[in-house]
Protein chains: 2
Amino acid sequence: MAEEPKTNNVTSGRGVPSHAVSDERIRARNVLKILTAAVEVFSRKGLDGARIVEIAKASGLPKGNVYYYFSSKEEIYNATIDRLIHSWDEAFRHISADREPAEAIEAYVRAKLEHARGNAAETRLFANEILQGAEHLSLEAREHMRRVTAEKAGVLDGWAEARKIVRVDARHLFILLWSATQFYVEFEALACDALDVRQLRTADYDLAAKTITNTVLNGLLVRPE
Amino acid sequence: MAEEPKTNNVTSGRGVPSHAVSDERIRARNVLKILTAAVEVFSRKGLDGARIVEIAKASGLPKGNVYYYFSSKEEIYNATIDRLIHSWDEAFRHISADREPAEAIEAYVRAKLEHARGNAAETRLFANEILQGAEHLSLEAREHMRRVTAEKAGVLDGWAEARKIVRVDARHLFILLWSATQFYVEFEALACDALDVRQLRTADYDLAAKTITNTVLNGLLVRPE
DNA sequence: AAGGAAGTTGACAAGATGGTCAACTTTCTT
DNA sequence: AAGAAAGTTGACCATCTTGTCAACTTCCTT
């Protein structure tokens, strides 16, 4: 993701990378600066809409310096995408066979909401990428998402088998949960209008979690006694 | 949304617009061509990412002709946004106080899914606009959305009052329904991966509607007899 | 301390992009 | 039929944008 300029593997001595201490630090720090700025800019404008001067400005580095670490805008973009794929399924760990459905799903919804809120730019960038057709998502990344989804769908099927939940199409249910939780961050402007608030606060997220969890678990209809 | 070039209100005679028959037709037809192409391009690239040559090419008109009808890229963009606002709350009509909740919500979910599917480009464009901060949505449009949401929330509150549904925060519930239904179009690539299909077919949409409706109405948990 | 590697930077080139326009054709009105 | 209005078009321009680079500074190793 950032290489050519320096052949770091030229270890002068032998096994131990001779120097490369503050060396690596400068590189790591600047790459991080750039990627952080890039996520912010890309998340609002997408690949084609983003201008690298904007990224440079947001990172505090001159443009030339950005090109010292990355050889093109697309390379920066791909690097940002690569990074966020790793946290895509983080919240999914709550969906595990040895937990009770109600508790697991509530934990999942909360984790997903918190993650989205705490990583707003990344979440928006991911949404942007998918919205534009997911052409920059690697096949491995997509395959990974498919596998994880299938595995977690198995957990739901197990719960249904054990009569802990009703029969349901687990994949569509996941979509329901994903969309609902991510909405608050991706479409914050719309959520604010709908909730009639100027900005979303913790209380709003709490109520969101509660509403999603309760509704999905218990449904809306009044149960005849 | 497209004016200067011709002062159409120069009615030579009097009250009746003298000519303006195939006149208006050419204009209307070309404006439509441009807007249709623009929705498609903007929906994938956003305002800044879209290139007007692309819009021109997609519309079948040379670039110069596009500028005959619109004076800037932003004007085209605003025109596309204006158009789609009108259909935003179409499906909402199903949520009315004189219907039974179960039936109304099912109809709503189906209508919303169908609308999104049948107007994919518009749906994605709207998502794109909100994702980027909704800076091109007019205050009136947002105010309209707020009013309609509040009104329909009132319907849900009425149902709760009448013990037809449980107490729920209607606004968060609407968000749940919006997000779930739009997901299939906005994030189609992700939905395909999750469902392990190459493209979404009618059967997938049907199952989506069924899953959303059933889950939201009845919940997941098995009811103790 | 010295030499080389790593990092910095502003200036620059090549091409893309938004937008204009004058000359032209088609369509309408009378 | 003829003049005017509407519409068409390719060439053109100013600006923006991506990406390069040579000269420079800083840092590391020995």
Side-chain angles (χ1 to χ4, degrees), chain A residues 2-34 38 41-42 45-78, chain B residues 2-14 16-34 37-38 41-42 45-78:
Chain A
E3 49 293 296
E4 291 90 345
K6 255 327 99 271
T7 42
N8 278 334
N9 34 4
V10 177
T11 52
S12 55
R14 208 53 181 291
V16 185
S18 57
H19 47 76
V21 180
S22 96
D23 188 18
E24 289 295 355
R25 283 209 182 118
I26 289 173
R27 168 163 287 261
R29 174 166 46 84
N30 282 344
V31 166
L32 186 67
K33 271 186 195 170
I34 294 167
V41 176
F42 283 136
K45 304 294 189 73
L47 172 58
D48 295 299
R51 300 287 113 97
I52 52 128
V53 268
E54 265 192 273
I55 295 176
K57 213 174 292 175
S59 72
L61 266 40
K63 190 184 58 160
N65 208 352
V66 171
Y67 275 99
Y68 175 71
Y69 291 104
F70 295 92
S71 65
S72 71
K73 185 165 77 163
E74 216 174 316
E75 193 181 301
I76 304 180
Y77 187 79
N78 286 331
Chain B
E3 49 291 298
E4 290 90 347
K6 253 332 92 272
T7 42
N8 278 334
N9 34 3
V10 177
T11 51
S12 56
R14 207 59 179 289
V16 185
S18 56
H19 47 76
V21 180
S22 98
D23 188 17
E24 289 296 355
R25 282 208 182 120
I26 290 173
R27 167 164 288 262
R29 173 166 48 85
N30 283 344
V31 165
L32 186 66
K33 271 186 195 170
I34 294 167
V41 176
F42 282 136
K45 304 295 190 71
L47 173 58
D48 296 298
R51 299 288 112 97
I52 53 128
V53 268
E54 266 193 273
I55 295 175
K57 213 174 292 175
S59 72
L61 267 39
K63 191 181 61 157
N65 208 351
V66 171
Y67 275 99
Y68 176 71
Y69 291 105
F70 295 93
S71 64
S72 71
K73 184 164 78 160
E74 218 175 315
E75 192 181 301
I76 303 180
Y77 187 79
N78 286 331

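Treat the numbers as computed from the prediction; the structure is a model and nothing was measured. A, B, ... follow the sequence lines: proteins, then strands. Residue 1 opens every chain.
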Problem - Atom pair distance, as rounded to whole Å: CD in A:Glu75 and C1' in D:dT20 - result: 15 Å

Practice task
Could you check how far CZ of A:Arg27 sits from P of D:dC27, rounded to whole Å?
Solution key: 16 Å

Problem - Among D:dT9, C:dG18, D:dG19, the one nearest A:Ser72 by side-chain distance - result: D:dG19

Handout entry: Candidates C:dT9, C:dG19, D:dG10 - which lies nearest the side chain of A:Pro62
Key = C:dT9

Handout entry: Sugar-phosphate only, base, or nothing, as touched by B:Ala56 at under 4.0 Å among non-hydrogen atoms
Key = nothing

Handout entry: Non-hydrogen atoms of A:Ile34 and A:Tyr69 that approach each other most closely
Key = CD1-CD1, 3.9 Å

Exercise for the section: Check whether any side-chain N or O of A:Tyr68 sits under 4.0 Å from OP1 or OP2 of D:dC21, and answer yes or no. Expected result: no

Completion exercise
Nearest heavy-atom contact between B:Asp48 and A:Arg51 is O-NH2, 3.8 Å

Problem - Atom pair distance, as rounded to whole Å: NZ in B:Lys73 and C1' in C:dT20 - result: 17 Å

Fill in the blank from the handout: What one should report as the nearest heavy-atom pair of B:Val66 and B:Ser59 is CG2-OG, 4.4 Å

Exercise for the section: Ignoring backbone atoms, test whether A:Arg51 places a side-chain nitrogen or oxygen under 4.0 Å from the OP1 or OP2 oxygen of D:dC16. Expected result: no

Completion exercise
In whole angstroms, the gap separating C1' of D:dC27 from CD1 of A:Ile26 amounts to 6 Å

Exercise for the section: Check the distance between C:dT26's P and B:Leu61's CG and give it to me in whole angstrom. Expected result: 16 Å

Exercise for the section: Heavy atoms only: give me the nearest B:Glu75-B:Phe70 pair and the separation to one decimal. Expected result: OE2-CD2, 3.6 Å

Exercise for the section: Indicate whether OP1 or OP2 belonging to C:dT20 is found under 4.0 Å from a side-chain N or O atom of B:Tyr67. Expected result: no

Practice task
Please state how far atom OH in B:Tyr69 lies from atom P in C:dG18, giving the value in whole angstrom units.
Solution key: 21 Å

Handout entry: Euclidean distance, atom CZ of residue A:Arg29 to atom C1' of C:dG7 [Å, nearest integer]
Key = 10 Å

Handout entry: Heavy-atom donor-acceptor pair, A:Lys63 side-chain to D:dG19 base, under 3.5 Å
Key = yes

Problem - Pair A:Asn30-A:Leu61, side-chain contact (heavy atoms from CB on, under 4.5 Å): steps then yes or no - result: CA-CA 8 Å; A:Asn30 282 344; A:Leu61 266 40; 4.1 Å; yes

Handout entry: Between C:dG19 (C1') and B:Phe70 (CZ): distance, integer Å
Key = 15 Å

Handout entry: B:Asn65 side-chain N/O to D:dT8 phosphate OP1/OP2 under 4.0 Å
Key = yes

Practice task
Taking only the side-chain heavy atoms of B:Asn30 (C-beta and beyond), determine which of C:dT8, D:dG7, D:dT9 contains the nearest atom.
Solution key: D:dG7

